[in-house]
Amino acid sequence: MKRLGMQPTLLTCNTLLNALVRYPSSHSIRLSKVVFTDFIKIGVKINTNSFNILIYGSCMENRFGEAIRVLGKMGDYGCPPDNITYNTILDGLCKKGRLNEARELLLDMKNKGLFPNRTTFNILVVGYCKLGWLKEAANVIELMSQNNVAPDVWTYNVMIGGFCKQGRIDEAMRLREEIESLKLSPDVVTYNTLINGCFEHGSSEEGFKLIDEMERRGMKLNSVTYNVMVKWFVKKGKIDEVEKTVRKMEESGCLPDIVTYNTLISWHCKVGKMDEAFQLMDEMGRKGLKMDGVTLNTMLHALCRERKLDEAHDLLCSAHRRGYFVDEVSYGTLIMGYFKHEKASQALRLWDEMKEKEIIPSIITYNSMIAGLCHMGKTYQAIDKLDELLESGLVPDEITYNTIIHGYCQEGQVEKAFQFHNKMVEKNFKPDVVTCNTLLSGLCKEGMLEKALKLFNTRISKGKDVDAVSYNTIILALCKEKRFGEAFDLLAEMEEKKLGPDRYSYHAILSGLTDAGRMKDAEEFISKIAEKGKSEYQFLEMGKRQDARTGEIPQEPHPNAIANSNKINELCSQGRYKDAMKIFHESTQKNIVLLKSTYLNLMDGLTKRRKSTSKEHRLT
DNA sequence: GACGACGACT
C-alpha cells in the first residue's frame, strides 16, 4: 500500500493496529508500535481510538509505565484520553495487583474531568478481589450505587469469585441468591465461578449439583464449565472421567481449547509422563491451536523439576526469540528451579536479566525470590527484597511474611521471627495457621518445646484453627524428647478432629521410637498402621501404656537383621508392600530388630497403599 | 467477570 503511494485511512490504520495488538505474539505488539509511528509520519489523522489500541498492546506486555507515558502525550496529538484509555490501563494494573498505581491513575482520571463508569468500577472490584480485600470490593459496590451506576452481573460475579477464592462458598452462594432477588439473572460465568469454587474448597457434590441445575435451567455449559470439570477429574486422578468429559465437550460443540490442553499437559508433566505431554502438544498443533505462554511455562516447570536447568534456560531464550510472551512467570519458574537445586548465583543473575528486560515481577515472583534468599540463609537480603516489593507498588501477602518468618526461624533467630511477626501484625498482616506452624517449628528447633506447647494450646483455646502440620510439629518435638505419652494423646486428638494422622505423624513417632531403642513398640506401631481403619483411637491405648514403660533392654543385633532390612527396603522400592509386610512379620516373630530406615520405608508404603485403595473405592 | 503455568509451615 505504501509502495503504491496510497494513503491509508484511519479505519485501515486502526484495523491493522488492532490485528497486531490482539495477535498472540510479542513481536506483533512491537510491530504495532512501529506501524503507529509510521502512520503518524505519513500523515494519517489518528484518533483517540488508535492510541487506545496502542496502549492496550503496552498493557498486554505489562509495560504500564510506557502506557501511562503514551496517555500523557495523547493531548499533544489532539486526541484526549477517554474512559477507555483509562479503563484499559486500570484493568491491566488491577489484574496484576498493582493497586497503588491504579489508585493514582484513578485520581488523574478524575482530575481530567472524566467520571468513572460501570466498567471502571468493575475493574476496581476485580483489583480488590484479586488481593482478597473483599471489604474494599464491597465498598466499591456501595460507591457504585451512590453514583447511580447500578452494579451488574459482572460486578457480582467478580465478588462471588472473591468469596470462592477464600473458600467462603456459603457467602458466595448467598450472594447468588441476592442477585436473583435483584432481578438480575445469574449467567454461565456465575455458575462456572461457583462450580469451580465448590470443587476447590467445598464439596464436589455441590459443584455437580450446580451443573445439574444449569442443565435443568436450559443453560448451555461452555468450554470453561468443561475445563473446570476436567481440572477436577485430573486432580482426582480419574482418567476415565477426564476422557469422558473431553468427549462430552466435543459432542456439545465446545472443542477442547488451549486451556483444556494446558490442563492435561500440566498433569502429564506432574506425574512424569513427559512423552504424553509432548504428544498432546503435537495434537494441539494438528488441531490448529497455537501453544501459548502458559504452555511454555508448564514446560519450563517440568524441565526444572527434572533438574534440566540448562534445557529450561535454552527454552526460555528460544521462546523469547520466537515471539512468545516470556513473562514474570517464566522467569519466576526458572529462578525457583535454580534456587531449589542450589544454584543461587544463576537465580540471582536471572532476576537481573528479567529486570533488564523490563519484565515486572509479580507478588509470586518476589515471594519466590524471598524464599530463595531465605533458603540461602540471607534473610537480611530477603528483607531488602521486601522493601523493593513495597516500593514497586505491590502489596505483600501472607506468603511473603510467612516466608521471612521461616527464614528467621531457619537461622535459629526465633526472637527476630517473633519481632518481625509482631511488627507486621501492626501493619495489615493477618497471621494464619501457616504462620503459627512456622513459629511452632522454630521454637521446637531451638529446644523451646514448652513455649511451643503454650502457643499451640493458646491457639486452640482461642478457637483458632490448627491443622495436621501443627499437630505433627508438636508430635515430632515430643517424640524427640521421648515424651511418647503426650505424643500419642495428640495423635488420638488429631484423629478425633479428623486431621490425620498422616505419614508425617507416623514418621515422627517411628523415628522417635527407633531412636529411643524401642524397637518392639515400633514394630507394634507398624502393625497398627497396617491394620488401621478397623477402629478409631486405636493408638490411644498404646500411648497410655507408653508412660508406664521405661525403655527397653538393648538387644544384640540378630545376624539376619541387615539382610531382612535390605530385603524389605527393596520390596518397598518395588511397591511390593504386601510381601514386605510378610517378611516384617516373620522378623518380628523371630525377635529380629530391623534397621530404622526399614520402619520408615514400610510406613511410607503402608500410607501410600491406603491412599490408592481409597481412590479405587471412589471409582466404583 | 469464570477455567490452565511460578510462591509459605512438618
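Letters A, B, ... are given to chains in the order of the sequence lines, protein chains preceding strands, and every chain is numbered from 1.
Nearest nucleotide to the A:K130 side chain, out of B:dC6, B:dA2, B:dC3: B:dA2. Among B:dA2, B:dC3, B:dA5, the nucleotide with an atom closest to any side-chain atom of A:V294 is B:dA5. Distances were taken from every side-chain heavy atom of A:H406 (C-beta onward) to each of B:dA2, B:dC9, B:dC6; the shortest belongs to B:dC9. Checking B:dG1, B:dA8, B:dA5 against the side-chain heavy atoms of A:M336 singles out B:dA8 as nearest. Set against B:dA5, B:dC3, B:dT10, the side chain of A:T473 has B:dT10 as its closest nucleotide. The side chain of A:V329 has B:dC6 as its nearest neighbour among B:dC3, B:dC6, B:dA2. In this structure, the nucleotide among B:dC6, B:dG1, B:dA2 sitting nearest to the side chain of A:V224 is B:dA2. Here B:dG1 is the nucleotide among B:dG1, B:dT10, B:dA2 with the atom lying nearest to any side-chain atom of A:V126.
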A:Y366/A:W351 under ring-ring contact (aromatic ring centres under 6.0 Å, His included): CA gap, chis, key distance, verdict: CA-CA 10 Å; A:Y366 269 105; A:W351 173 270; 5.2 Å; yes
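As judged by a 4.0 angstrom heavy-atom cut-off over every strand, A:I258 is placed among the base-contacting residues. Counting non-hydrogen atoms under 4.0 angstrom, A:V153 reaches a base of the nucleic acid. Residue contacts shown for A:D257 are absent, as no nucleic acid heavy atom lies under 4.0 Å away. In this structure, A:V158 reaches the sugar-phosphate backbone alone: every heavy-atom distance under 4.0 Å involves primed, P, OP1 or OP2 atoms, never a base. Base contact: A:V469 has a heavy atom under 4.0 Å from a base atom. If you check every strand for non-hydrogen atoms under 4.0 Å, A:N122 touches nothing. Using a 4.0 Å heavy-atom distance criterion, A:K95 is classed as a sugar-phosphate-only contact. Using a 4.0 Å heavy-atom cutoff across all strands shown, A:D397 reaches at least one base atom of the nucleic acid.
Classification of the A:W232-A:F199 ring pair by plane angle, with boundaries at 30° and 60°, yields parallel.
One interatomic measurement links the two molecules: CG of A:N222 to C1' of B:dG1, which rounds to 12 Å at whole-angstrom precision. Whole-Å rounding puts the A:M214 CE to B:dA2 C1' distance at 10 Å. Distance CG (A:L394) to P (B:dC6): 19 Å, rounded to an integer number of Å. Atom OH of A:Y504 and atom C1' of B:dT10 are 6 Å apart (whole Å). Rounded to whole angstrom, the span from the CG atom of A:D91 across to the C1' atom of B:dG1 amounts to 10 Å. Following rounding to the nearest Å, A:N117 (CG) and B:dG1 (P) show an atom-to-atom distance of 13 Å. B:dC3 atom P lies 15 Å from atom CD1 of A:I211, rounded to whole Å. A:L124 places its CG atom 12 Å from the P atom of B:dG1, with the value rounded to the nearest Å.
Under a cut-off of 6.0 angstrom, the local environment of NZ in A:K355 is crowded, with over 12 non-hydrogen atoms contributed by other residues, nucleotides or ligands.
In this model, no side-chain donor or acceptor of A:D152 finds a partner on the base of B:dG1 within 3.5 Å. With hydrogens and angles left out, the side chain of A:N227 and the base of B:dA2 share no donor-acceptor pair within 3.5 Å.
Here salt bridge (charged side-chain N to carboxylate O under 4.0 Å, His left out) pairs that include residues 327-337 of chain A, with residues two or more places apart or in two chains, are A:K96-A:E328.
Under the salt bridge (Lys or Arg N to Asp or Glu O under 4.0 Å) criterion, A:K423 pairs with no residue at all, not counting sequence neighbours.
With no hydrogens or angles considered, a side-chain donor-acceptor pair links A:T190 and A:N157 at under 3.5 Å.
At B:dA5, none of the side-chain N or O atoms of A:H301 fall inside 4.0 Å of OP1 or OP2 (strictly under the cut-off). Between A:N196 and the phosphate of B:dC3, there is a side-chain N or O to OP1/OP2 separation shorter than 4.0 Å. Dashed line: the shortest gap from a side-chain N or O of A:K165 to OP1 or OP2 of B:dA2 is not under 4.0 Å.
Salt bridge A:K231/A:E200: present, at least one basic N to carboxylate O contact under 4.0 Å.
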